[in-house]
Chemist: 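Mind having a look at this structure? Questions to follow.
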Amino acid sequence: MKTRGIENATRRLLGARKLGSASLLAQAEQEAGHALVQARAWLDRAAEGRAGEDLAADANYAAIAAATEELARVIAPAG
């Protein structure tokens, strides 16, 4: 997995909130929720059977974890 999809979902959600379009916002919220579920599932699968120090050294895992946290933070005010 790469961070691009998670980051794009975050930006689309923020942009839709700024535009104020109900239909764009609904679509962006749905996409963001899906991206968040997928990212969390990937993080869980990646962490299975790996030691904490292995995960800490994995730059891709750390980047995806950070992007996932940011997306969760952005989604939180919406509900």
Side-chain angles (χ1 to χ4, degrees):
M1 174 171 247
K2 296 183 181 183
T3 60
R4 183 175 47 215
I6 303 165
E7 292 166 346
N8 285 342
T10 302
R11 283 191 295 270
R12 283 188 193 108
L13 181 55
L14 291 171
R17 285 182 182 162
K18 286 181 184 177
L19 288 174
S21 168
S23 61
L24 285 179
L25 183 56
Q27 184 178 4
E29 286 175 344
Q30 182 180 17
E31 178 186 345
H34 178 72
L36 185 60
V37 168
Q38 293 298 313
R40 285 181 173 163
W42 185 90
L43 289 169
D44 289 344
R45 285 191 308 271
E48 287 179 3
R50 292 176 68 183
E53 50 276 354
D54 288 343
L55 291 175
D58 187 346
N60 186 48
Y61 183 90
I64 292 171
T68 302
E69 288 176 19
E70 176 65 12
L71 180 56
R73 184 190 65 76
V74 169
I75 289 174

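For clarity, every value in this text was computed on a predicted model and none was experimentally measured.
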Chemist: Out of curiosity, Glu69 CD to Ile6 CD1, how far, rounded to the nearest 0.5 Å?
Modeler: 11.0 Å
Chemist: Roughly how far, to the nearest 0.5 Å, is the CD atom of Glu29 from the CG atom of Leu25?
Modeler: 4.0 Å
Chemist: Please determine whether the number of non-hydrogen atoms from other residues, nucleotides or ligands lying under 6.0 Å from atom CD of Glu70 exceeds 12.
Modeler: yes
Chemist: With sequence neighbours excluded, what pairs up with Arg45 under the salt bridge (Lys or Arg N to Asp or Glu O under 4.0 Å) test?
Modeler: none
Chemist: If you compare all heavy atoms of Ala39 against all heavy atoms of Thr68, which two are closest, and at what distance to 0.1 Å?
Modeler: CB-OG1, 3.3 Å
Chemist: Among residues at least two apart in sequence or on other chains, which ones pass salt bridge (Lys or Arg N to Asp or Glu O under 4.0 Å) with Glu7?
Modeler: none
Chemist: When Ile, Leu, Val, Met, Phe, Trp and Tyr are grouped by side-chain heavy atoms lying under 4.5 Å apart, directly or through other members, which residues fall in the same group as Leu19?
Modeler: Leu24
Chemist: Got a second to check how far Leu43's CG is from Glu48's CD, nearest 0.5 Å?
Modeler: 11.5 Å
Chemist: Just wondering, do Arg17 and Val74 contact through their side chains at under 4.5 Å, heavy atoms?
Modeler: yes
Chemist: Which heavy atom of Leu13 sits nearest to which heavy atom of Ala28, and what is that distance?
Modeler: CA-CB, 3.8 Å
Chemist: Minimum heavy-atom separation for Ala35 to Leu71, with atom names?
Modeler: CB-CD2, 4.0 Å
